[in-house]
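Down below is the structure, laid out as structure tokens.
Position 1 is the first residue of the sequence; numbering continues from there.
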Amino acid sequence: MSGAPQIVMLRQRARLLSSAREFFAARAVLEVDTPLLGEGLVVESHIDPIPCQVTVGGNVAEPRHLLTSPEGPMKRLLAAGSGPIYQFAHAFRDGESGSRHSVEFTMLEWYRPGFDHHQLMDEVEELVQALVTEASGSTFERRTYQQLFVDSVGIDPFATSLDEVRATCDRLRVPTPPSFDQGSLDDALDLLLVAHIEPTLGKNRPLFLYDYPASQAALAKVYRAEDGRHLAQRFELYMDGIELANGYHELGDAAEQRRRFEQANRARIARSRPALPIDEPLLRALDGGFPPCAGVALGFDRLLMIATDAKSIGEVRITE
């Protein structure tokens, strides 16, 4: 992006930023600014941070990472009594590139003490309706993870197997990698979701997907449904086939969160990825009285793509 088109996009970005800030100001949600560098990380098996080194006070260089999201620092603020907060943060994820991915991107993340994930879905809907003309007149659809798979590909994700998912991929002509049979059922379901189902989501109206398997909870609470299934209190928002936001009814149990981080590191090692240092200050914050809340991360560049009908994230960012 260069010249006049770049200036036009910068102005559109500025208008969207201003409108979002007005939205949060009207709701008394405080804007914050947290560090981009960290020693420990919110560990996820499929997300790689960018490592770096810093020299402090002339000492030997110390390892750091560019953060993949502002989640850890923001949750420490919540534990300190900040109340509702939001942030436009630069985030960094190594190896991500394409029409919807960049190693550096802008994330809009916010947290609502006292909310559950359903209340936060309501607010996400109100924000997107306020910012994107395409969404202003529509009521967003809400479907469970189970409903989506049954309706879209005819399998129940809670009662399936790797063999059935492979057969479904073959039937739908979704290519499977050589490592498919060594992966987890969640990996297989995610392949089917991303390669076949996701491009159709949110085409007629935006779609919230919720009630994920407990094995995909990450940083979300888990509850037991009436039928006995354990479900993650998590949601994702899709528009025009684009995953736009990922939200949680946030887990406040430090011991359980540590267990999940360690599990993610074991999964990383199994995939020949390095284990990552855990965000110990985050775990201490959870252990010290973290408030019940819901939080969401929304891809601001992707939102701008939708608002401007851009086809690539490179069209909405200043790139080299």
Q129 side chain to S138 backbone, donor-acceptor under 3.5 Å: yes
Verify whether one side chain among R93 and H46 offers a donor that lies under 3.5 Å from an acceptor in the other. no
Under 3.5 Å, is there a donor-acceptor pair between the side chain of T160 and the main chain of P157? no
Students often mix this up, so state it plainly: with edges at 30° and 60°, are the rings of Y86 and F88 parallel, tilted or perpendicular? perpendicular
Between H230 and Y223, does the side chain to side chain contact (heavy atoms under 4.5 Å, CB included) criterion hold? Intermediate values first, please. CA-CA 6 Å; H230 289 85; Y223 79 102; over 6 Å; no
What distance do M74 atom CE and I85 atom CD1 have between them, rounded to the nearest 0.5 Å? 4.0 Å
So, taking the atom named CG in D279 and the one named NE2 in H65, what distance separates them when rounded to the nearest 0.5 Å? 12.0 Å
Closest approach of L231 to F158 (non-hydrogen atoms, all atoms of both residues): CD2-CZ, 3.4 Å
Quick one: closest heavy-atom pair of V128 and M239, and the distance? CG1-SD, 3.6 Å
With rounding to the nearest 0.5 angstrom, report the CG to OG distance, L201 to S152. 6.5 Å
Within the distance-only criterion (no hydrogens, no angle test), does the side chain of R205 pair as donor or acceptor with the backbone N or O of T139 below 3.5 angstrom? yes
For the OG1 atom of T200 and the CG atom of L148, what is their distance to the nearest 0.5 Å? 7.0 Å
Side chain to side chain donor-acceptor pair (under 3.5 Å) evaluation trace for R317 with T106: CA-CA 9 Å; R317 291 190 56 81; T106 304; 3.2 Å; yes
In this structure, NZ of K75 is separated from CG of L286 (nearest 0.5 Å) by 6.5 Å
Taking the side chain as everything from C-beta on, heavy atoms only, tell me whether Q216 gets closer than 4.5 Å to R234. yes
State whether the side chain of S184 and the backbone N or O of D187 hold a donor-acceptor pair below 3.5 Å, judged by distance alone. yes
Using a 3.5 Å distance criterion without hydrogens, assess whether the side chain of R64 forms a donor-acceptor pair with backbone atoms of C52. no
Evaluate side chain to side chain contact (heavy atoms under 4.5 Å, CB included) for T168 paired with L192, printing each intermediate quantity in order. CA-CA 8 Å; T168 303; L192 198 51; 3.9 Å; yes
Member of E125, H117, E236 meeting the side chain to side chain contact (heavy atoms under 4.5 Å, CB included) criterion with F208: E125
Whether R27 engages the ring of F23 as a cation-pi pair (distance to the six-membered ring centre under 6.0 angstrom, angle to the ring normal within 45°) should be assessed. yes
